[in-house]
Structures are given as C-alpha cells and as structure tokens.
Visitor: 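Before I ask anything, let me first share the structure, which is written out below as structure tokens.
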Amino acid sequence: MPELPEVEIARRQLSRWTAGDVVREVRVLDAAAIRHKRSTMPRDAHPDGVRALEAAVVGRAADEPMRLGKRLGWTFGEAPRGLQLHLGMTGQWVRRAPADEPPRFAKLGLVLDGRTLWFLDSRRFGCVVPSEDVPRELAEGLGPDAWLNPPNAEELGYLLRGRRPVKVTLLDQARLAGVGNIHAAEALWRSGISPERAGDDLTPAELARLAEELPAQLDEAIRTQDTDEFQYVTQGGENPFSVYGQHRCPRCEGDVAKLAQSGRTTWWCPSCQQ
DNA sequence: GACAGTGTTTAATT
DNA sequence: CAATTAAACACTGT
C-alpha cells in the first residue's frame, strides 16, 4: 500500500538488510515480476528476465538504494546500471533466513550471506526492472519529491495550478511525486481545505498551510511506521488516520464523508474542510 | 457472489 | 494539441 512513506521505509530496510554486501544468487519464482519497463502488467514481463536480473546483481555489492516519489532504484557497484523496484499496490520486501521457505506471494529473492531478501506481491502490480540508467529512468515523468524537496507555498500554487480539484492534482505524480490517496486526504484535512477546491482557487494562506502540512504528514508517517518488521499501515491494529477510513472527525466530532474523485475515494470532514 | 482497494499506464474523451 | 477522465490490469479481503 505504498505511498512515499512506506517506500522510504522499504528503502531504509533494504539498506540495513544489505549493508553493502554481495548478492550471491537470485531466486525467481515468478518471472513475470521482472519487467522490461515500468508496468503494472505481468504481460510486460522481460523476455529474458532471469538472466538480466542475474547480470545486474549476482556477485556484486549492493549500493545504497535510492528513492524518488514512490519509486525505488538500486545500483550494484556499476552505476548507473541496476534495478528499478516498484511496489505497485501490494508489493513489499522482507528479510528471511536462507533456509526458510519462500513466504506466501514471493516473486523473487536476492540471496546474500546469511539472509535472503524476498519481494512479495499478492496483486502482481509491482515489479523489478533491470535498467541501464537507474537515476534517469527513476526520475522520468515525475515532479519534485514531496518529502525531500517540498515546495514552498508559491511553488505549490504553481504545481497545483488548474481547475482540477486539489485532491486529484495532489495524486498527479508528474506534478508532485510521492503523494497517494491516503496522505493526500490526511494533508488536506490537516490544512482545513476541501478536496473539491480547484487548485487555482486556493488562497496564499491555504497554500502556506498545505505546504507546511503535507511534508509534516509524510514525515509523521515515516517516523511512526519505521519499525524493523515491515507492516502495511492498515494491517492489523487500529486505523491510525484522522479521516481516511474513519467515521468521525477527531477535531469536530462531526461525520466524515466519502467522495468519488476521478475513480478514487476521498475521505474528508465537510465541516472542518472548507 | 459482488465490490472496493494504499497504484500506474494506456486509451478515450473533452 | 493539451488536459483530463475512464478503463484496464490481477488478486485479496470484506
């Protein structure tokens, strides 16, 4: 369920779990998880995926994984060659002992000394893409990273320009990279802005609030979710969000409403968000 | 059984 | 033509 915070946490985990060590071999359980381009579709499987993956990683030391928006990139001692990693809707990476059975939904594994890193993905929208120029392909078509390079009020006004509802534009990765359905709703709630407002109609004061609250929302999510064992935020436990998936607004106690916006559900508090 | 779902790409429409 | 919306993708959980 990755948005920017979950992808950043995955990046940190891969970094910790590899610590610059050498990949000894790969295990490929579903070759369609290796794609020749960024794609959500198994039909875009790399024609020679296993060999391309092995050529990229086997016998090589892992560099620090990089992230832009919701995309991960990984090079292995011969940058800019390496892999793009895409989690899609349900992708995740876990660490297991080498002798362990592959976890449920395991697509492929990177075997290092003393541990194997598995890519799991029940829904198969995620993938690994062998790439000749990881940094360039990672940045292709993306706006600035919403957490690493947060826009100021004025820049945000430009990024959200147009008649489209602000919530919809926030999800446009070409304008701003990393914001997804949950954190867009949460940031608008924190800012007291209705998701239906057109970007062009936001006042300087509202833009200033949103420019503050959006990175704050992402930062909080990273800090509260960055534990050693990866967990999707909706997986077990209570709903940690203020409006997403909630019935009652924690600020005014009023009813939370749902709205359909370009095919996605927007959760919001009509009384707190004007 | 029907339906919604944290995402992205491509096709269709405005 | 650029901007925007809808559909498709594949599968699980409710």
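Proteins get letters first, then strands, A, B, ... in listed order; numbering begins at 1 in each.
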Visitor: For A:V179, which fellow cluster members are found when Ile, Leu, Val, Met, Phe, Trp and Tyr are connected by side-chain heavy-atom distances below 4.5 angstrom, either directly or through intermediates?
Guide: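 Same cluster as A:V179: A:L156, A:L159, A:L160, A:V166, A:L170, A:L176, A:L188, A:I193, A:L202, A:L207, A:L210, A:L214.
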Visitor: Holding to side-chain contact (heavy atoms from CB on, under 4.5 Å), I want the full list of residues that pass it with A:A257, two or more places apart in sequence or in another chain.
Guide: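 side-chain contact (heavy atoms from CB on, under 4.5 Å) list for A:A257, sorted by chain: A:W268, A:P270.
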Visitor: Can you name the residues that form a side-chain contact (heavy atoms from CB on, under 4.5 Å) with A:P215, not counting sequence neighbours?
Guide: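 Here the qualifying residues are A:P150.
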Visitor: Give every pair of a protein N or O atom and an N or O atom of nucleotides 12-14 of chain C that lie under 3.5 Å apart, one pair per line with the distance.
Guide:
none

Visitor: Using atom P in both nucleotides, what's the gap between C:dA6 and B:dA4 to the nearest angstrom?
Guide: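 Straight-line distance between the two P atoms is 15 Å.
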Visitor: Between atom CD in A:Q92 and atom C1' in B:dG7, what is the gap in whole Å?
Guide: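 Atom-to-atom, A:Q92 to B:dG7, this comes out as 16 Å.
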Visitor: Test of understanding: with side-chain contact (heavy atoms from CB on, under 4.5 Å), list the residues that count as partners of A:R264, not counting sequence neighbours.
Guide: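 Only A:K167, A:L171, A:N181 meet the side-chain contact (heavy atoms from CB on, under 4.5 Å) criterion with A:R264.
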Visitor: Looking just at side-chain N and O atoms, do A:W74 and A:D63 make a donor-acceptor pair shorter than 3.5 Å?
Guide: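 Per modelled atom types, A:W74 and A:D63 side chains form no pair under 3.5 Å.
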Visitor: Measure the acute angle between the ring planes of A:F241 and A:Y244, then classify it against the limits of 30° and 60° as parallel, tilted or perpendicular.
Guide: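 Ring orientation of A:F241 relative to A:Y244: perpendicular.
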Visitor: How long is the line joining CE of A:M89 and P of B:dG5, in whole Å?
Guide: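 Taking CE of A:M89 and P of B:dG5, I get 9 Å after rounding.
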Visitor: Once pairs are restricted to Watson-Crick or G-U wobble with both distances under 3.5 Å, how does DNA chain C read as a dot-bracket string, [ ] for crossings and | for other-strand pairs?
Guide: .||||||||.||||
Visitor: Strictly under 3.5 Å: I want the nitrogen or oxygen pairs between protein and nucleotides 1-4 of chain B, one per line.
Guide:
none

Visitor: Give, ordered by number, those residues of residues 124-148 of chain A having at least one heavy-atom distance below 4.0 Å to an atom of DNA chain B; if nothing qualifies, reply none.
Guide: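 Hits under 4.0 Å, by residue number: A:F125.
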Visitor: Among residues two or more places apart or on two chains, list those pairs meeting side-chain hydrogen bond (donor to acceptor under 3.5 Å, both in side chains) that have a residue in residues 50-59 of chain A.
Guide: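 Counting only pairs at least two positions apart or across chains, the side-chain hydrogen bond (donor to acceptor under 3.5 Å, both in side chains) contacts touching residues 50-59 of chain A are A:D48-A:R51.
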Visitor: Between the protein and nucleotides 2-6 of chain C, list every N/O to N/O distance that falls short of 3.5 Å.
Guide:
none

Visitor: Show me the protein contacts with nucleotides 8-10 of chain B, counting only N or O atoms at under 3.5 Å.
Guide:
from	atom 1	to	atom 2	distance (Å)
B:dT8	OP2	A:K70	NZ	2.9
B:dT9	OP1	A:R38	NE	3.0
B:dT10	OP1	A:K37	NZ	3.1

Visitor: Suppose the criterion is side-chain hydrogen bond (donor to acceptor under 3.5 Å, both in side chains): which pairs have a residue in residues 100-110 of chain A, not counting sequence neighbours?
Guide: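 Checked against side-chain hydrogen bond (donor to acceptor under 3.5 Å, both in side chains) - neighbours excluded - no pair reaches residues 100-110 of chain A.
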